[in-house]
Amino acid sequence: MQNNEFIDSVAKRLRTSPEQATAITRATLTTLAERIESGEAKDLAAQLPEELQGYAHGPAGETGRFSFNSFINQVSGRAEVDGSMARDGVRAVFDTLREAIPPGAYDDVVTQLPADFWQLTDSAGRYDGRRGS
């Protein structure tokens, strides 16, 4: 998947501009990379379009425990959107990731997240072109 296809997919799911979809995608990938093992973040980055790879490189070292709400709040602040848009944006990015990378690679990423993330990470099959609630 090319960068413009990835961003367009996120934008369509959110029914927002490509610019806002780009900000949310970058914020989500950055926050995700900080929360998963650095080797897994590097593997994820290698599977992404070149323009997004730099956002998916996590810091070296241990990852810490974190809450779902903390993740959403970080994405919200980084993308400069409200919490509801951040939550919907994270879902759109995960749904797009699920389509863009091999299933095993996607599973490797989401299995490192706490169970409360599964409400977002397991939603790709339900996309119907309308923005979720």
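Any value given below was found using the heavy atoms of this structure, including those in side chains, with hydrogens, waters and symmetry copies removed. Note that the numbering runs from 1 along the sequence shown for the chain.
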Handout entry: Pair listing, salt bridge (charged side-chain N to carboxylate O under 4.0 Å, His left out) test, anchored in residues 68-86, at least two apart
Key = E34-R78
Practice task
Could you name each residue pair satisfying salt bridge (charged side-chain N to carboxylate O under 4.0 Å, His left out) that touches residues 100-116, not counting sequence neighbours?
Solution key: none
Can you name the closest pair of heavy atoms from [X] and [Y] and give their distance?
X: I7; Y: A21; answer: O-CB, 3.8 Å
X: V75; Y: A86; answer: CG1-CB, 4.2 Å
X: P49; Y: M1; answer: CG-O, 3.3 Å
X: H57; Y: Q53; answer: CD2-O, 3.2 Å
X: A33; Y: A56; answer: CB-O, 3.2 Å

Practice task
Please test V90 against L32 for side chain to side chain contact (heavy atoms under 4.5 Å, CB included), starting from the C-alpha separation and ending with a verdict.
Solution key: CA-CA 10 Å; V90 169; L32 177 62; over 6 Å; no
Handout entry: By ring pair (Phe, Tyr, Trp, His ring centres under 6.0 Å) - contacts of F68 (at least two apart)
Key = F117
Practice task
Would you check if T96 and T25 make a side-chain contact, meaning some heavy-atom pair closer than 4.5 Å?
Solution key: no
Donor-acceptor under 3.5 Å ([X] side chain, [Y] main chain):
X: T16; Y: A11; answer: no
X: T22; Y: P18; answer: yes
X: E5; Y: Q2; answer: yes

Could you grab the distance from atom [atom1] of [X] to atom [atom2] of [Y], nearest 0.5 Å is fine?
X: D8; Y: N3; atom1: CG; atom2: CG; result: 9.0 Å
X: Q112; Y: I36; atom1: CD; atom2: CD1; result: 5.5 Å
X: I24; Y: S76; atom1: CD1; atom2: OG; result: 9.0 Å
X: R87; Y: F71; atom1: CZ; atom2: CZ; result: 12.0 Å

Exercise for the section: Would you please test L44 and L97 for side chain to side chain contact (heavy atoms under 4.5 Å, CB included) and show each step? Expected result: CA-CA 9 Å; L44 172 62; L97 278 174; 4.0 Å; yes
Practice task
Could you tell me whether Y55 atom OH has more than 12 heavy atoms of other residues or ligands within 6.0 Å of it?
Solution key: no
